[in-house]
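Following: one structure in structure tokens, then a few remarks.
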Protein chains: 2
Amino acid sequence: MARASNSKGKTRIQKEKTEQILSAALDIFSAYGFRGATIDQVAEKAGISKPNLLYYFDNKEAVHAELIKRLLYIWLDPLNQLNEEGEPVEEICAYVQRKLEMARDYPRESRLFANEILQGAPRIDTLISGTLKLMVDEKVSVIANWVATGKINDVDPHHLLFSIWSTTQHYADFDVQVRTLTGPKAKDRFEDASKYLDFLFRSALTPRS
Amino acid sequence: MARASNSKGKTRIQKEKTEQILSAALDIFSAYGFRGATIDQVAEKAGISKPNLLYYFDNKEAVHAELIKRLLYIWLDPLNQLNEEGEPVEEICAYVQRKLEMARDYPRESRLFANEILQGAPRIDTLISGTLKLMVDEKVSVIANWVATGKINDVDPHHLLFSIWSTTQHYADFDVQVRTLTGPKAKDRFEDASKYLDFLFRSALTPRS
DNA sequence: GTCTATAGTCGGATAGAC
DNA sequence: GTCTATCCGACTATAGAC
């Protein structure tokens, strides 16, 4: 019997249901973590029954695995766009902005990822040591080259990336705290963050004359 | 009957057991989140039986609540030390270093906090909008004053704090990822982070002449 | 105070009718 | 394909012996 865990050989109806489920699952998993989320919650949010959900996915793990699989592509895209041929400071600042836009537009994905890492990455360790590490290693050497040729100041490329990820993802992962502390008067926290982060990284990277 | 949830009127034995339980609980809760942690795990790690644990604490929530309560004091201490009378750039850079040391020495506390915020702070919302916000508001106005008098560059105080928190806590919360991506050759990630973060914030804050 | 045994509940997964 | 009903394991919490 055909199972709907992959996208091959499915009818239009099946695809729609699968997407409904995954969207609901992203809501629930990102908000409560893997353990904290229940299939019942996901099914209810997707507007179907629990057994029906389990007709489309073998089990809870399978739903989560599919979400993680899709996450990686969205996740790596902004880093992928970092162009070795571009003007170094501008390239990095543009990367910061793309990452911040991701935190604004895909907060659920950010939190899903954070939940996993925070708990020791039990279900995504191969992803991190595999695809992610490969891409990071590549971009780290690009940045190291910019440092070596004096195009940007002497910073550790790994830690530069960590600081970009953490500062931008913070607005998705710690959103509750950010909103509480900035208060209701703050109009657009992402607008303010955009301006601040651009200044922060530009100041640190632009070579002293 | 005396319950051991608070520290009043307890024997030495009771205090020790309570500390054993809380230390074990910090391990488990920070690693698996509230929902993912089980009392059995905590009891086993503390070297006692589950009913015995529940003799010392009313229930699972009570253990967690006590951890959170204690967390706040450790958490606010580095910010507390920020001295309005000191030299602004040095004060902030010293704060960054203290926060980084906290991430190194108290990673479990950092992850416990992150787990809570990430899932919408269901058990600590009053803490954030209460004590934390009060202290943050106070320090924000100190920083705003430094900006107004030209002692540091024109940055948004809230977002400065967010970037300090996120970059430093990243080394506790995303430790798995950091270690995987920097690789085994990296001797001391905290040493490298210390150097990098000092440069980052110093560059951005030091007033242009 | 600490244990064994167990009650009670929840959640993942399956059976089987339609 | 979708539902109702249900099984079963896991987990919180309590009862009661010692």
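Treat the numbers as computed from the prediction; the structure is a model and nothing was measured. Numbered from 1 within each chain, the chains take letters A, B, ... in sequence-line order.
- A straight line from CD of B/Glu61 to P of D/dC11 spans 17 Å, rounded to a whole angstrom.
- Across all non-hydrogen atoms, the minimal contact from B/Ile143 to B/Ile152 is CG2-CD1, 4.0 Å.
- For A/Pro51, the side-chain atoms get nearest to C/dA15 when compared with the rest of C/dC3, C/dA15, C/dC10.
- Minimum atom distance to the side chain of B/Thr38 is reached by D/dC11, of the listed C/dT2, D/dT4, D/dC11.
- Considering only the side chain of A/Asn59, C/dA13 comes nearest among C/dA13, D/dG1, C/dG1.
- Checked options B/Arg123, B/Arg35, B/Arg111; the residue passing with B/Glu116 is B/Arg123 (criterion: salt bridge (Lys or Arg N to Asp or Glu O under 4.0 Å)).
- The distance from atom NZ of A/Lys15 to atom P of D/dG1 is 13 Å, rounded to the nearest whole Å.
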Side chain to side chain contact (heavy atoms under 4.5 Å, CB included), that's the test. Do B/Ile124 and B/Phe113 meet it? Break it down for me.
CA-CA 9 Å; B/Ile124 60 169; B/Phe113 188 74; 4.0 Å; yes
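- Two rings, from B/His64 and B/Phe57, have their centers 6.0 Å or more apart.
- Separation of atoms CG (B/Leu181) and CE (A/Met135) is listed at 12.0 Å; rounding is to 0.5 Å.
- If you check D/dC11, C/dA13, D/dT2 against the side chain of A/Arg35, the one that comes closest is D/dC11.
- Taking atom CD of residue B/Gln20 and atom P of nucleotide C/dG1, one finds them 14 Å apart after rounding to whole Å.
- The distance from atom CD1 of A/Ile28 to atom C1' of C/dG11 is 14 Å, rounded to the nearest whole Å.
- In this structure, of C/dC10, C/dT2, C/dA13, it is C/dT2 that holds the atom nearest to the side chain of B/Tyr55.
- Among the nucleotides C/dG1, D/dC3, C/dA13, the one closest to the side chain of A/Lys60 is C/dA13.
- Computed from coordinates, the B/Leu54 CG to D/dC11 C1' distance equals 11 Å when rounded to whole Å.
- The phosphate of D/dC3 (OP1 or OP2) has a side-chain N or O of A/Ser49 nearer than 4.0 angstrom.
- Between B/Gln14 and C/dG1 there is a side-chain polar atom (N or O) within less than 4.0 angstrom of OP1 or OP2.
- Among the heavy atoms of the strands lying under 4.0 Å from B/Ala37 are primed sugar atoms or P, OP1, OP2 only; no base atom is included.
- Atom CD1 of A/Ile21 and atom P of D/dT2 are 9 Å apart (whole Å).
- In this structure, the nucleotide among D/dA13, C/dT4, C/dG1 sitting nearest to the side chain of B/Ile39 is D/dA13.
- Taking atom CG of residue A/Asp40 and atom P of nucleotide D/dT6, one finds them 17 Å apart after rounding to whole Å.
- We find that OH of A/Tyr56 is positioned 17 Å from P of C/dT14, with the value rounded to whole Å.
- Neither OP1 nor OP2 of C/dG1 sits under 4.0 Å from any side-chain N or O of B/Asn52.
- No hydrogens or angles were tested; on distance alone, nothing pairs the side chain of A/Lys50 with the base of C/dG11 as donor and acceptor under 3.5 Å.
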